[in-house]
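Structure first, commentary second.
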Amino acid sequence: SMQDDGLYVLVLGMFSYEACVGMYFPMMGTMRSRYLPTSHRSVIMSIYGVPLSVLVVSVFLYIGRLGATGAFAVATVALVTVVLCMVALQQIRSREAREHIKMAVGTVKARMEIVNSLKEAVKAQKLQENSDDAFSMQVDDKLMHKDDIWLEGRRSSILGQYQL
């Protein structure tokens, strides 16, 4: 019946609300620990609690003028503001991740250049010491090739970690 449908919608709405609240607190704890230094966390959270308190008290004081529609409009504006802040935070994190990747790739390239120059120096020294020992050179080349494979794998791992 119509009354049962209303009850189902109400129960579904309550479960949805509880699910959102259940996800909110762990996510906020994670974000606090990631972005706020422990030494300043309580002060920062207190300062950011003031505008929220002002908003809540203002809505309660003017609920007669706002009505339910106005109160929901204020909540909607607050949620849209939060979404915009989340998008901005995600863009900042993406930019920082790209910079970190560039630094990591640069480090790997520099290390590969050092290894290559060391390999060339070792080859030159081996040629000077014993130009007749071709077998030793082949073994060294194979070992150096394994180093190349390891370095390339490490570079791929770093790039894969940041999904580039």
Side-chain angles (χ1 to χ4, degrees), residues 12-13 15-59 72-164:
L12 181 65
F15 284 153
S16 300
Y17 172 78
E18 289 296 328
C20 291
V21 169
M23 288 185 288
Y24 170 80
F25 287 107
M27 286 190 299
M28 283 303 297
T30 301
M31 288 179 63
R32 270 189 224 116
S33 66
R34 182 176 292 167
Y35 297 112
L36 300 179
T38 307
S39 60
H40 298 88
R41 189 173 299 158
S42 61
V43 173
I44 293 170
M45 291 306 298
S46 297
I47 290 171
Y48 278 102
V50 171
L52 177 61
S53 299
V54 168
L55 182 66
V56 170
V57 169
S58 299
V59 169
F72 282 120
V74 170
T76 302
V77 168
L79 288 173
V80 167
T81 303
V82 168
V83 168
L84 293 175
C85 289
M86 286 173 35
V87 168
L89 180 62
Q90 183 61 37
Q91 289 175 345
I92 290 169
R93 287 189 67 217
S94 295
R95 185 175 346 114
E96 288 174 352
R98 284 192 300 271
E99 290 171 3
H100 181 73
I101 289 168
K102 286 180 185 176
M103 287 178 14
V105 168
T107 301
V108 169
K109 284 181 180 178
R111 288 182 179 172
M112 288 178 70
E113 288 175 9
I114 291 169
V115 168
N116 287 336
S117 65
L118 288 173
K119 285 194 291 187
E120 293 300 321
V122 167
K123 276 186 181 180
Q125 185 179 7
K126 292 281 185 179
L127 284 174
Q128 280 180 345
E129 289 176 0
N130 191 358
S131 60
D132 296 334
D133 194 5
F135 178 74
S136 175
M137 289 298 292
Q138 288 174 352
V139 170
D140 287 345
D141 283 343
K142 287 180 183 179
L143 290 174
M144 288 181 193
H145 180 68
K146 286 182 182 179
D147 288 344
D148 288 342
I149 292 171
W150 180 85
L151 283 172
E152 183 59 32
R154 182 71 182 130
R155 186 178 78 75
S156 298
S157 171
I158 289 172
L159 293 177
Q161 180 181 3
Y162 292 100
Q163 299 173 346
L164 284 182

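- Contact between Met31 and Leu89 at its shortest, heavy atoms only, is CE-CD2, 3.7 Å.
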Glu113/Ser117 under side chain to side chain contact (heavy atoms under 4.5 Å, CB included): CA gap, chis, key distance, verdict: CA-CA 6 Å; Glu113 288 175 9; Ser117 65; over 6 Å; no

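- Counting all heavy atoms, side chain and backbone alike, Leu36 lies closest to Met45 at CD1-SD, 3.7 Å.
- Judged as a side chain to side chain donor-acceptor pair (under 3.5 Å), and not counting sequence neighbours, Arg32 has no contacts.
- A distance of 10.5 Å separates OG1 in Thr30 from OH in Tyr35, rounded to the nearest 0.5 Å.
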Distance-only donor-acceptor pairs under 3.5 Å for side chains of residues 76-85, two or more places apart:
from  : atom 1 : to    : atom 2 : distance (Å)
Thr76 : OG1    : Phe72 : O      : 2.7
Thr81 : OG1    : Val77 : O      : 2.8

Met112 vs Lys109, side chain to side chain contact (heavy atoms under 4.5 Å, CB included): CA-CA, chis, key distance, verdict: CA-CA 5 Å; Met112 288 178 70; Lys109 284 181 180 178; 5.6 Å; no

